[in-house]
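Everything below concerns the one structure shown next.
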Number of protein chains: 2
Amino acid sequence: MFFVSLIPIRSGSPGEDSERSDAARNRERLLVAARELLDECGVDSLTMDKLAKRAGVGKGTVFRRFGSKAGLMMTLLSDAEAEFQGRFMFGPPPLGPGAPPLDRLVAFGHARIGYLLEFGDLARAADQSVYTKLEVPATLLWHRHVELLLRAAGMTADPWLMAIFLGATLDPERLLYAVRVQDVAPERLAEAWTELVTRVVGKA
Amino acid sequence: MFFVSLIPIRSGSPGEDSERSDAARNRERLLVAARELLDECGVDSLTMDKLAKRAGVGKGTVFRRFGSKAGLMMTLLSDAEAEFQGRFMFGPPPLGPGAPPLDRLVAFGHARIGYLLEFGDLARAADQSVYTKLEVPATLLWHRHVELLLRAAGMTADPWLMAIFLGATLDPERLLYAVRVQDVAPERLAEAWTELVTRVVGKA
DNA sequence: ATAAGAACCGGACCGTAGTCCGTTTAGCTC
DNA sequence: GAGCTAAACGGACTACGGTCCGGTTCTTAT
């Protein structure tokens, strides 16, 4: 009932069954071109027109494949995202199972901060889609993860909503803004997170 | 050094000195037209072209006056925003001065939730401007307000960053999403906020 | 009143995300 | 291997926010 698939980002992997050969070829070309463009000019300067041109396909093909720019970013992010998901769900403690819930919560925030420092631009572009930001499967998954940790740590008052509140704190856009524009050291973010969740989970 | 002007939203008020008569007339026309369009079709369907047409001015005039769509929204919001600012800075307790810091924090969140339920669409449109979201003077002001309340309540660990974290929770987009899409009752949001800040300020 | 110049005006123009639909092609069947 | 069909293709098109600049209008000084 609460299952969320582990790698639900988008079908960017070639494993997709029954795909025409030209479609597969073009998808591959597009992904290659997209990574090149990202290296060269960053997320914001990557336009769908440039991408189509670089990959040698029509613009329509780009959108058929990925649905939107956000969809493309999700695809590009899917490997890193899956790895991250694997770490907090199945990896070694304190991030993975085995450690006390509060320790896992703390570790989760730290890991997410690190993840966003590395892939935050992609994540920001993948999220931004006005009202669907929170409907991205990957987001649903880690929100639920936080909720379960809150419950395990003994929180009884609306852990679902509290997870959303805490999740707001780890928003890519805000975090990147803090680090890049406000010049907040990542360690400081991590400490504040520790402080926050420790107090929220309460007396421990 | 930490002064933030109370009504810094944007010079939408007619008090602006030395403004040419045609400019003043057009600004007034634009504001009237904008409110009409907002009533008729909502924030998202209000386009700058429609607005210019409705007001009987050129598109360039709209942008010269308000700078951007976000700027227009700020102007439209400025009265409500100023009133809100006045309430939490000078109004009666527990929102205004006189009550214990924690009570004021709780009241602030509740008031902001109410504010966003009423003006959230405008606020969302006014904020959204990729990287400047947190540089809006009004936002700086209430973040600082929260920071000062945290300090007053005895928090010593990075109250500035903690205020930003708590502020993320009161983001227009997230709040509206919770209420409208996830169907969370406003009272539930208020309770969760109470729970959150009570725990964060902690039993000292 | 008039002339000069600053401020303002308007709409053509641009870049971008996303859509549409007539055309092409891969892959299956006979 | 010819023919058929569904899938994929591509690029012209739309909608929107935002910019630019030649022309117009208000204001002020004389």
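Everything numeric in this text was worked out from a predicted model, so none of it was measured. Chain naming here is simple, since letters A, B, ... match the order of the sequence lines and numbering starts at 1 in each.
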Checklist entry - From D/dA12, D/dG17, C/dC8, pick the nucleotide closest to the side chain of B/R65? => result C/dC8

Item to check | Spacing of B/F63 atom CZ relative to C/dG11 atom P, expressed in whole Å | outcome: 15 Å

Checklist entry - If each of A/D49 and A/G60 is mapped to the nucleotide of DNA chain C with the nearest heavy atom, which maps nearer the 5' terminus, i.e. the 5' end? => result A/D49

Item to check | N-O pairing of B/R144 and B/E147 below 4.0 Å | outcome: yes

Next on the checklist: Classify A/K69 by what it touches in the nucleic acid, base, sugar-phosphate, or nothing, heavy-atom distance under 4.0 Å.
Outcome noted: sugar-phosphate

Checklist entry - Taking only N and O in the side chain of B/R20, is any of them less than 4.0 Å away from OP1 or OP2 of C/dA6? => result no

Checklist entry - What is the distance, rounded to the nearest whole Å, between atom CG of A/L37 and atom P of C/dA17? => result 12 Å

Next on the checklist: Using 30° and 60° as the class boundaries, would you call the ring planes of A/F88 and A/F84 parallel, tilted or perpendicular?
Outcome noted: perpendicular

Checklist outcome for this item: Taken to the nearest whole Å, CG/B/D44 to P/D/dA15 is 17 Å

Next on the checklist: Over all strands shown, is B/T47 touching base, sugar-phosphate only, or nothing at heavy-atom distances under 4.0 angstrom?
Outcome noted: sugar-phosphate

Next on the checklist: With rounding to the nearest 0.5 angstrom, report the CZ to OG1 distance, A/F63 to A/T61.
Outcome noted: 11.0 Å

Checklist entry - Could you state the CZ-P distance from A/F66 to D/dG10, rounded to the nearest angstrom? => result 14 Å

Checklist outcome for this item: By nearest-heavy-atom nucleotide on DNA chain D, the more 5' of B/S45 and A/D22 is A/D22

Checklist entry - Rounded to whole angstroms, how far apart are CZ on A/R25 and P on C/dG27? => result 10 Å

Checklist entry - Do B/E40 and B/K50 meet the salt-bridge criterion of a basic N to acidic O distance under 4.0 Å? => result no

Next on the checklist: Between B/N26 and C/dC8, is there a contact of a side-chain N or O with OP1 or OP2 at under 4.0 Å?
Outcome noted: no

Item to check | D/dG10 phosphate, OP1 or OP2, under 4.0 Å from A/T61 side-chain N/O | outcome: yes

Item to check | Derivation of the salt bridge (charged side-chain N to carboxylate O under 4.0 Å, His left out) call for B/R124 and B/D171 | outcome: CA-CA 8 Å; B/R124 185 161 61 87; B/D171 182 68; over 6 Å; no

Checklist entry - According to a strict under-4.0 Å criterion, is B/S68 in side-chain N/O contact with OP1 or OP2 of D/dG17? => result no

Checklist outcome for this item: Rounded to whole Å, the CG-P distance (B/L51 to C/dG10) equals 12 Å

Item to check | Length of the CE-C1' vector between A/M73 and C/dA17, whole Å | outcome: 12 Å

Next on the checklist: Less than 4.0 angstrom between a side-chain N/O of B/R64 and OP1 or OP2 of C/dG10, yes or no?
Outcome noted: no

Checklist entry - Using a cut-off of 4.0 Å on non-hydrogen atoms, how would the nucleic acid contact of A/L46 be classed: base, sugar-phosphate, or nothing? => result sugar-phosphate

Checklist entry - What nucleotide, of C/dT19, D/dG17, C/dG27, holds the atom closest to the side chain of B/K59? => result D/dG17

